[in-house]
Amino acid sequence: MTKALKDLRPENEALRILVIGNSPHHTKSLLFLIQELIRIDPEVRATLVCCASQHETFAKLVADSCVELVLFENGADTAGASASSNTPAIKVSSRGVLKHVLFLKRCLTRLPVAMPIFRKPLEVMIAKANQSTPGLVLREWALAARLKQEKLLAERLFDLISPNLIVAFGDRHPDIEAPLLLVARERSIKVVIPYTTYSGKDIMVQVRRNDPDYQTMKPFSFYRRMKAAHFRDQVHEGLFYQPPNMLAAYEKFGALSSYPWCLGNGLSDIICVDSEVTAQRYQKDRVRPEKIRIVGDVVYDK
């Protein structure tokens, strides 16, 4: 795996790797790979980026390594997050449509608590409104506004550290991953997904089965039915991989995976797998063969 990463070195340049930290569990494996690569080639430089709200967790992961840490601090998501003064942060504050939508969301969240005698009926009413056509449209607008802000953060981060290789856990997750991968694509920087996890649909189906956010037919709304028809190529066993408002926002943003039920169908350039069997299964789940590299499992990297 380290050889695969090393072979991506730009001509006459040392590798400057940006690691996307959106899963502490999988980031441990990514950091293991990066540390091995630095041991082989001391000229390699690596920076891990994470949300400010997860600063403490990721700071512990990089504490004994030569990997730097930088915070992705969106005003929309980091209320109450405490960043260390020793950790650089790329910041932006909520504004415009997003600021007003977040204010409305906070008011609705606090309403049942403020009126305990009506708590249960209010919670039911808010849950229904959340799944209605106006509610889903509002959620789509809020996410679209947030993504626009986060792309500005990603551009500032790339300007700050000038990476020439991105290492990510995936290319389909609804977090800081999408804006970072989109900026990498716009700047022609390669994105590699090492083999850190088995990407299978069975468990994902079970998790989504009883959650109304992922249903294509109910609770009924015109928005949900329209998006089920529009994203019919992504529907699996009557389920969306992500809520329909999220699919719509990511499509407009330009970061929607063509088939998010499997890693490798999004804004990645190389997806690593452990074996020929996994490679064939990924191809059945629409991953292009030219993107796949068989490298073995991370536990055998040494």
Side-chain angles (χ1 to χ4, degrees), residues 1-10 15 17-41 44 46 48-49 61 67 163-178 180-182 184-185 188-208 233-234 236-237 239 241-242 250 255-302:
M1 180 67 234
T2 50
K3 184 181 184 300
L5 289 174
K6 195 173 180 182
D7 288 344
L8 290 167
R9 173 201 297 273
L15 277 178
I17 302 173
L18 177 63
V19 183
I20 301 177
N22 53 347
S23 163
H25 173 69
H26 294 100
T27 298
K28 290 180 181 179
S29 296
L30 296 181
L31 288 175
F32 168 75
L33 284 171
I34 300 304
Q35 289 166 6
E36 284 296 295
L37 190 59
I38 293 173
R39 183 181 62 80
I40 295 168
D41 185 352
V44 173
L48 172 68
V49 59
L61 290 181
V67 177
N164 51 28
L165 180 68
I166 310 300
V167 173
F169 152 55
D171 57 0
R172 62 184 180 185
H173 301 105
D175 46 40
I176 64 173
E177 184 180 279
L180 290 166
L181 296 190
L182 183 60
R185 175 61 57 89
S188 300
I189 300 172
K190 297 290 186 183
V191 175
V192 180
I193 303 176
Y195 184 76
T196 59
T197 185
Y198 178 84
S199 180
K201 291 184 285 193
D202 295 342
I203 295 176
M204 292 185 237
V205 167
Q206 294 305 317
V207 169
R208 288 159 174 74
D233 289 342
Q234 294 206 5
H236 178 65
E237 294 189 17
L239 298 169
Y241 178 79
Q242 291 163 330
Y250 275 83
L256 180 65
S257 171
S258 60
Y259 191 67
W261 293 94
C262 185
L263 293 173
N265 288 307
L267 297 176
S268 58
D269 296 286
I270 293 174
I271 172 77
C272 299
V273 298
D274 62 331
S275 66
E276 182 66 37
V277 172
T278 305
Q280 291 174 3
R281 190 177 58 77
Y282 276 31
Q283 289 180 51
K284 288 180 181 178
D285 280 334
R286 310 182 192 178
V287 181
R288 299 197 312 272
E290 64 269 20
K291 291 180 71 172
I292 299 173
R293 302 289 189 278
I294 300 174
V295 297
D297 195 287
V298 65
V299 298
Y300 303 125
D301 195 63
K302 280 191 176 181

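These numbers were taken from a predicted model, which means no experiment stands behind them.
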Side chains of [X] and [Y]: does their closest heavy-atom pair fall under 4.5 Å?
| X | Y | answer |
| --- | --- | --- |
| L18 | V49 | yes |
| C272 | I193 | no |
| L182 | L267 | yes |
| V287 | R281 | no |

Practice problem: Keeping to residues at least two apart or across chains, list the salt bridge (Lys or Arg N to Asp or Glu O under 4.0 Å) pairs with something in residues 255-265. | Solution: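 Every pair satisfying salt bridge (Lys or Arg N to Asp or Glu O under 4.0 Å) with a residue in residues 255-265: there are none.
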Quiz item: In chain order, what residues pass the side chain to side chain contact (heavy atoms under 4.5 Å, CB included) check against P260, with sequence neighbours excluded?
Solution: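 Here the qualifying residues are R172, Q234, Y241, S257.
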Could you measure the distance from the [atom1] atom of [X] to the [atom2] atom of [Y]? Nearest 0.5 Å is fine.
| X | Y | atom1 | atom2 | result |
| --- | --- | --- | --- | --- |
| M204 | R208 | CE | CZ | 6.5 Å |
| I271 | Y282 | CD1 | OH | 5.0 Å |
| I270 | I166 | CD1 | CD1 | 13.0 Å |

Exercise. Only pairs at least two apart or in different chains count here, so list each side-chain hydrogen bond (donor to acceptor under 3.5 Å, both in side chains) that has a residue in residues 259-268.
Key: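 Qualifying pairs, neighbours excluded: D171-S268, K201-Y259, S268-K291.
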Quiz item: With respect to I20, which candidate in V191, V167, L181 satisfies the side-chain contact (heavy atoms from CB on, under 4.5 Å) definition?
Solution: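 Of V191, V167, L181, side-chain contact (heavy atoms from CB on, under 4.5 Å) with I20 is met by L181 alone.
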Self-check item: Heavy-atom closest pair, residues A279 and I292
Solution: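 Looking at all heavy atoms of both residues, the closest pair is O-CD1, 3.7 Å.
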